Amino acid sequence: MADGILAQLNKASAAEEFFTLLGVDYDPKVVDVARLHILRRMGQYLAGEDLAGVADEIVAERCKTVLERAYADFVASSPIDQRVFKVLKDAVAPAPKQTPTFVQIGSLK
């Protein structure tokens, strides 16, 4: 028996393999810029799916739908706009408030 779709995706080593395995059309220019972001977003979307005990054909269809959705996020906007990675989220986080330091005039010499 052939490996199920999740096992095949687990063995994939490039974003393009995900698109090929799931039969999702893509623009190589978009994938070149956002490959890790697309796969991370796909993982975020899949985290909300309960695939236990589901037939492989249905799992493959759900994975395809999720990849299409993740890919569409980055066709419509940039990785900077989507901010799926912590480093990008932290780049726009407000700086922590600092308590001003007061020095009394009388302590200055």
Side-chain angles (χ1 to χ4, degrees):
M1 182 175 166
D3 283 343
I5 191 65
L6 292 178
Q8 292 176 48
L9 292 172
N10 203 26
K11 292 177 185 175
S13 61
E16 292 83 355
E17 290 180 62
F18 281 74
F19 285 90
T20 300
L21 285 167
L22 296 171
V24 175
D25 292 330
Y26 66 95
D27 180 347
K29 291 177 185 174
V30 174
V31 174
D32 284 346
V33 171
R35 71 181 60 248
L36 295 176
H37 303 271
I38 293 167
L39 295 179
R40 173 69 178 236
R41 179 60 55 85
M42 179 186 179
Q44 289 171 337
Y45 290 152
L46 277 177
E49 297 277 334
D50 182 11
L51 302 175
V54 178
D56 195 56
E57 296 79 24
I58 295 171
V59 171
E61 190 57 41
R62 286 188 187 171
C63 288
K64 178 179 181 177
T65 300
V66 165
L67 179 57
E68 289 170 337
R69 181 177 167 200
Y71 174 73
D73 289 348
F74 293 94
V75 169
S77 65
S78 73
I80 296 293
D81 294 333
Q82 292 293 321
R83 300 188 191 279
V84 296
F85 289 103
K86 183 180 183 326
V87 68
L88 295 176
K89 290 176 186 173
D90 289 349
V92 294
K97 291 185 179 181
Q98 292 182 339
T99 306
T101 304
F102 294 102
V103 178
Q104 294 180 351
I105 296 284
S107 68
L108 297 175
K109 294 184 182 185

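Remember, it's a predicted structure, so these values are computed and weren't measured experimentally.
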Task: Note, Leu22 side chain near Leu9 side chain (heavy atom, < 4.5 Å) - done: yes
Task: Distance (rounded to the nearest 0.5 Å) between Leu67 CG and Leu39 CG - done: 7.5 Å
Side-chain atoms of residues 48-58: list all donor-acceptor pairs with protein atoms under 3.5 Å, sequence neighbours left out, distances to 0.1 Å.
from, atom 1, to, atom 2, distance (Å)
Asp50, OD1, Ala52, N, 3.4
Asp56, OD1, Ile5, N, 2.9
Asp56, OD2, Ile5, N, 3.4

TODO: Could you tell me which residues satisfy ring-ring contact (aromatic ring centres under 6.0 Å, His included) with Tyr71, sequence neighbours excluded, listed by chain and number?
DONE: Phe19
Distance-only check: which donor-acceptor pairs under 3.5 Å involve side-chain atoms of residues 23-31, not counting sequence neighbours?
from, atom 1, to, atom 2, distance (Å)
Asp27, OD1, Lys29, N, 2.9

Open item on the list: Could you work out, with side chain to side chain contact (heavy atoms under 4.5 Å, CB included) as the rule, every residue matching Asp32, not counting sequence neighbours?
Closed with: Glu16, Arg35
Task: Closest heavy-atom pair and its distance - Met42, Cys63 - done: CE-O, 3.8 Å
Open item on the list: Does Thr65 form a side-chain contact (heavy atoms from CB on, under 4.5 Å) with Arg69? I'd like the steps, not just the answer.
Closed with: CA-CA 6 Å; Thr65 300; Arg69 181 177 167 200; 5.6 Å; no
Open item on the list: Once side chain to side chain contact (heavy atoms under 4.5 Å, CB included) is applied, do any residues pair with Ala12, and if so which ones, sequence neighbours excluded?
Closed with: Glu17, Phe18, Leu21
